[in-house]
Amino acid sequence: MTFAINIGMALFIGPLVAGIVRKMVRARVHSRQGPPIIQPFYDLFKLLGKEDLESSPSLLLRYAPLVAFAAILAAALLTPMGLRPPLGGYGDMIVFAYLITIAAVAVMMAGLICASPYSMVGASRELMMHLVVEPVLIICLVTATIKSGSLLMWDMAGWNYVNGLSISMVVAGIALFLALQAQVGKLPFDIPEAETEIMGGPFIELSGPKLALFQWAFFARQIVYASVLAAIFIPWGIKFIFPWNVAAHLLKIIVLIVLVGLIDVVNPRLKINQAMKYFFGVIAVALIAMVLALLGL
Amino acid sequence: MSGLDVITAALIFLVVGAVITALIARYRTVCGYVASVIVLIVSIWIAMVAWQALTRGPIHSVYVIPFLNIFLPFTVDGLGAIFLLITSLVATCATLFSVQYMSRYPRYNLASYYPLLLLFFACVIGEVSTHNMLLFLVFWEVMALTSWGLIIFEKHDPEVRRAGWIYFVAIHAATACILVAIIILYLQTPTKSFELSQMRQVMANWLVVSPGLAHITLGLLALGFATKAGILPFGFWLPHAHPAAPSPFSAVLSGLMVKMGVHGLLVTFVMLLPLSSASTVGGIVIALLGTISIFVATLTALQQRDSKRLLAFHTIGQMGYIWLGLGTGLALLRISPALATVALIAGLFHMINHAAFKSLLFLNAGAALYRTGTRDMDKAGGLIRIMPVTAITAIIASLSIAGIPGFNGFASKWLIFASSIMAGIKLPLFVFLAIIAIFISAVTLASFMKFLGMLFLGKLHVGPEVEHREVPLTMTVSQVLTAIPCVLFGVLPILVMKYLYTAVSSTLPAGFSPTFASLFGRSLLNATVSLPGSSTPTGIWGPLVILIAFAGCLALAYLISRMGGAKTREVPMWLCGEEHSFEEVRYPVHSFLLPFNRFFASLYPAHFDTDVSSSGHSDETVNTKVRQ
Amino acid sequence: MNAQQLGDSVKQQFGDKVVELSALGPNQLCLTITPDSLVSVAEYLNKDLGCRFVINSGTDRRRQRGKFLITHFFAHDEEKIYITLHTEVGEDQPEVDSITPSVPAANWSERETRDMVGVVPVGHPDPRRLVVADDWPEDVFPLRWDVPHDLKPPPAEGVAMPLLDPPEGASVVPIGPYFPVLEEPEYFRVFVEGEEVVGADYRGFYNHRGIEKLGSSALTYNQVPFIAERICGICGFVHSCSYCQAVERAAGIEVPPRGEYIRTIMLELERIHSHLLWLGIAGHIIGFDTILMQVWRMREPLMWLCERISGNRKTYGMNLVGGVRRDIEPEIHDDVRRVLTDIERQWQELYNAIPGDTTLMARLQGTGILPTEVARARGAVGPTARGSGLPIDVRVDHPYAAYDRLDVKKRVYDGCDNLARTLVRLDETLDSINIIRQALREMPEGEIMAQIDEEIPAGQQAVGSVEAPRGEVFHWVLTGPENRPERWRVRAPTYANLQSVPPMLQGDALADVPIDIGSIDPCFACTDRMEVVDVSSGQVRVYTQDELLNKKY
Amino acid sequence: MITSKLREAILCLRPGRVTLKYPFEPHDPEGDFRGYPELDADKCIGCGGCATVCPARAIMIQDIDQNTRRIVRFLERCIYCGRCADVCPEDAITMTKRFELSTDQGREDMVAECEVFMATCQRCGQCYKPPSALDKIMEPGFRDDKLKRGGDDSPYEPI
């Protein structure tokens, strides 16, 4: 059943939350009606049926979206979403971080194989963003490891719940929230896609089902990243009885994603070097959290 | 295995082989096949020996050279067995790869290639199978000379000659350090013996009476082995020497020779040095040096445009990971035996994996060089369209070195990260080293995305004279052979870890390490690290289950993608509606990470990357050259 | 100094070289010089007197005089004078010395004259073709009188304009012709190394509509304002206004004062509209869609207001030669004030919020640097020039309509970057609101349209210029027989500003390229006015998807 | 930074939702809107003034015979400037508020024709009173859309 919950959260709550953000946050701030909440599903299904245009036919390109999708789903199976993650007994946080990396690699692969100048620029930006954003996640999770003495994400969450929040965990949570914006590819950090600069970057040559899978994977990615932050650094509610623990988790991630959506609408896109500078600052915050944890705070 | 001593037999066989190949060097291909067969036989032979040593305990033997009455004492212990196994893999594949590859050099006499190669393998085998330091030194020096001869194979190229001299000087400085240290130790042994066990007693004595002398000796040895292993700041020779050698030997250099430094380090700090505070200090220093290498070399690698030079810098970086693992282990020996064992296993595991994927990468780069004639990644690209086997093995190797789950690099890096993070709870420094290592692991990925993206993926982009076909069979076979461990050890890491545990625990004092089951669990599917005193496992990596789940998700993704029944149609690339030739819109290699590199530019030691023509920032220089 | 005195000083300098000299009122000087002295006179005007080069024009006068008339226009902004520099070249040797080496701003227009009339600028540093299509025949010059306005030469294969190659180590990133933030087809060939732009080349003029040709061959004086208004979809009124002013000056028609005030009000409404629109697009370019949505929401009441005044949201259709067609009735005044107050309040709020918005400033500040000297040399106008510290504003320098009676400020910033250009526009919007209020207060009663009883005689010429939201719009009319201009020359502001874009891009990040281009508020439709593809007989064909797919590109 | 963002947010949130669900919620244009120009054939005297001033040359006058004049309006070319309504001496043309004029029926759907009985008209052009000298009828009596191709001695053939 946990399988069903985690997969369902990633596959269906992801687009739904995105739809909520589009209608309730983005359209509201834009003073317009906005699309229906289930518009992301309409888009996905429409894309799945659309023609698949290939400018550089390649087996790898054909599988890159599948790999990204599968990697995110596999990562979702390792992520605590209100309950002990279904595959929690088979992978720890290092495995999780690398699975997420696979998804990023698939995006870059897609960009590199297309070999269009836009997709190359997009892939290179994706790579650079990944290089500065991923360390934040790692350092925050290491902070939790230092506190809890375990590399398993469920144990970290449980430890935090039992022992209450500490300063280091709060600081790490803040750092992770600052990075969340880029992890889910929202403004001001949607630099790799940058529609008005490089026309979608790695995805410029993709269409139909390929694009649909990437988009779906990104909807799921929002849930996965928000879940890590919600479950480990905001451990409230994880010891509720089923289904209240799942409901509490859902509430937390919706709040997080709505916050991310709010920041998204009130910011312009930064340039890659500005974003890197920013994330070195965030990494510094995360490192402070880790030092605090090492000092036992 | 009775009668003639097993190791001596292999050595003699190789030496005889060297003579034969020297004689028939004119028949280029035949000579190559003969060398391959000899190496294959010896490889199988020493692999069997190593297997026996691992399963039944160390093999001791003494060979007396007839008439001269010289005693050659050989000992194959668990540690040596691991190195013998690596040797058998790398030697076979590199020699087989050479058969066709050497046709690139029609002007050179192969008498200066195969015989030296076989002698080199003999030295490696000899060196890891002895506890006699004199014998060790002899093999060490012959190995240095033969490898030097192989590096300067392309004698007529001034670049290569220069690289050769740098190597020659560096490696002999290393030898000098080791020689001095061993002579000091030798003079102190009561019976004037070169035996390791005797020297260990001297060391134990020194630690009590004159720790200064002990530390100087240890320092000299560490310096020598660090230089050999390519650890920064002593490994400056490596990015010059590795690209200069013929590709198969580059694979041997990176896959095998630098590992001799690791072997020496382990001999020094585990076998020579008794358990003491010196090992903690030594471990911290080793881990620090390793992390420096990881950081500097990998970031420098990002700038490279020459494929083999890029790989050479990564060799330094990956050696850094090995040293980080081993250093963590050594530092924790006195603090947490369980974690120390895990860390040592992690370092050795990464060494094995590195031997596999780095040899493979050099073979891939060699294959690309063989086919396209250039090492400049700007001048060739999209080779997957003409060389699918090479490209796919290159993808496997790249994913392995980048540490993608399911490949061997991940399993060992996972162990290194887990052990150094956990070590950090006891010694906080190690957390920072772990963070840097994890960060650089992503940089490694970046670098190999570039390598793959530019050289193998994308649109075909080669010179007009290039034949559009795969490299010959011997080359593809050797690449596939080397790719097998990359995948196998990635899926079933626990099998390797079991034998590594044997090797490590047999080297450490008896009863020092906790049992294998208590450390890693009993399951064959899961690598579970459990530390004593914790009720739940500390870290888990269950490759099979995760991979099956991943495959399930992949199948789901496939179903979803077919759900709409979308048709596929081929279209031209979208370039905003104007016509462009592919050449003008091709995104060059050095552009790929330019903003990131500029960001880190201040961190590079500027003089480190002396070869301007192949670095990213040197375009002005290139332009002036063109204009002149 | 008035026009006559300026003319005298030129005459003094060059003596016999000046064939003819006439001052059309105090603000327009008309010189005819010998072809051999063109470069030295141009240099004298540009360097010694500090006149700004505006445009050049070629007229085929072979029917009347057997010669081509080449005209260079200069503006002396401090003295409020437009200088028209005529040169005649014979039809047997249609060549004229290029002034581009000494006056770089003439680069494009000389190439355009060569393409259109066939008079070759000798010594031009960049002799590539500029405005005609790649496959246009080499020997057909569309603006010659004997070329019909609906000529369609057969398409040719495999011809392409030679474009610059990227420097060693750099690669091309095409920005355009079809690019999400360039709403119109223009091709910037950007050379990048990593994310850094190391150079650029430009190919434009994909969308020539033959407007100048139509104006001088198919339409009548009172039909032209409507096609002039369609030169640009955003700032159409400035074009029709500028054209009408040129004709009125040429024919000596006095526009009634109320008509002038109404023109002024419409021009300022259009400026507010255009600046609002620009800010929205600029926001969209840097990914700040909220600005786009909110600013365009603020724009909506303004368009409603324009619809109420003129009968249409845009392309008001208000201008005719001699005045305007519709009055602004007193009952609309309150609506105008209400809308303006509303916009002013929100605009002020936005203005106050922007300096503190670090992410927004990070994108605008220090990007797209256009140094003052480069802006001057390349002939930049409007907010682009004023953002680079050049105090040029036609409303003050060459007053027209009712601006001489109104309180107009020049807004100059010397930041030279995208931020400076943004601030110029932000300030000007508030200024425009005040100008409209003042105009509504002071508007006299009376007629709105002059009574024109006589036909306009042929051979008169005059300049009409208007400060469009993007800069100076310049029209020149040479009246002809048959109730239509013999030659009608249009210079839109983007034509001048676009030449400043490549130096702006140099050294910026690839991510800055769209906003750099956007910061001049480019209007490519204005720039690409001319080509002989007739709008009236252009075939319309509806393609099915299959047909489109099977078409070979 | 934060105060700026807050100010922007307030600016954004104050007006509420302003867009309409347009096709379902029709939006009427303002009073003097210039929409579809409607021609009242009963009032039309066939003077041809509208064709003369039309900037888009969307109105074509054809004399079919001595007694009949056909007025063809190609509304796909119409720019809704209202000049025809301005100059019409009989106010036969009115600018309506209709603006939803797109069609999927092809261009024929955008052509409006009417025939006017001209009795014994001399086609002197006098019944049209041009508002200014610039709007006079260029070719009294007859006009269609054939334009001279660069004059009589032009080397180019008509297409």
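Just so it is clear: chains get the letters A, B, ... in the order the sequence lines come, proteins before strands, and each one is counted from 1.
Proximity to chain B (any heavy atom under 4.5 Å) is restricted, for A:E205, to the side chain, taken from C-beta onward. Neither the backbone nor the side chain of B:R562 comes within contact range of chain A; no heavy atom of the residue lies under 4.5 Å from a heavy atom of that chain. Residue A:L44 does not touch chain B at all, counting heavy-atom pairs closer than 4.5 Å. Heavy atoms of A:L294 lying under 4.5 Å from chain B belong exclusively to its side chain. For chain A, the nearby part of B:A402 is the backbone; its heavy atoms alone come within less than 4.5 Å. In this structure, chain B has a heavy atom under 4.5 Å from the side chain of A:L287, while its backbone stays farther away. Proximity to chain B involves both the backbone and the side chain of A:L131, based on heavy atoms less than 4.5 angstrom apart. With a 4.5 angstrom heavy-atom cutoff, A:L53 touches chain B via backbone and side-chain atoms both. Heavy-atom distances place both the backbone and the side chain of A:M109 under 4.5 Å from chain B. If you measure heavy-atom distances from A:A75 to chain B, you find no contacts under 4.5 Å at all. If you measure heavy-atom distances from A:L78 to chain B, the contacts under 4.5 Å come from the side chain alone. Contact annotation for A:Y118: only side-chain heavy atoms (C-beta onward) come within less than 4.5 Å of a heavy atom of chain B. Using a 4.5 Å cut-off between heavy atoms, B:M573 contacts chain A through both its backbone and its side chain. Neither the backbone nor the side chain of A:Y63 comes within contact range of chain B, judged by heavy atoms closer than 4.5 Å. With a 4.5 Å cut-off on non-hydrogen atoms, A:L152 touches chain B through its backbone and its side chain both. The contact between B:I384 and chain A is made entirely by side chain atoms (from C-beta outward), counting heavy-atom distances below 4.5 Å. Contacts between B:I395 and chain A at a heavy-atom distance below 4.5 Å involve the side chain alone, from C-beta outward. Only the side chain of A:L127 has a heavy atom closer than 4.5 Å to any heavy atom of chain B. Contacts of A:V142 with chain B are made by side-chain atoms alone, with heavy-atom separations under 4.5 Å and no backbone atom involved.
When every heavy atom of B:F439 is checked against every heavy atom of A:P135, the shortest pair comes out as CD1-CG, 3.2 Å. Here the shortest heavy-atom pairing between B:V545 and A:L87 reads CG1-CD2, 3.8 Å. Taking both residues in full, the closest heavy atoms of B:P405 and A:I102 are given as CD-CD1, 3.9 Å, listed atom of the first, atom of the second, then distance.
Contact tally against chain A (heavy-atom pairs below 4.5 Å) for B:C576, B:C553, B:G542: the top residue is B:C553. By number of non-hydrogen pairs under 4.5 angstrom with chain A, the leading residue of B:F432, B:Y558, B:F456 is B:F432.
A salt bridge is absent between A:E51 and B:K567; no separation between the charged side-chain nitrogens and carboxylate oxygens falls under 4.0 Å.
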Set out, in order, the CA-CA distance, both residues' side-chain angles and the distance that settles side chain to side chain contact (heavy atoms under 4.5 Å, CB included) for A:M93 and B:I421, then state yes or no.
CA-CA 12 Å; A:M93 68 105 166; B:I421 290 173; 4.0 Å; yes

Going through the distances and angles, do A:F69 and B:L554 end up as a side chain to side chain contact (heavy atoms under 4.5 Å, CB included)?
CA-CA 7 Å; A:F69 188 86; B:L554 212 56; over 6 Å; no

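Between A:Y98 and B:F410, the ring planes are perpendicular. Angles over 60° get that label, and only those under 30° would be called parallel.
Contact of the A:D92 side chain with the B:W541 side chain is not registered, since no non-hydrogen atoms from C-beta on lie closer than 4.5 Å.
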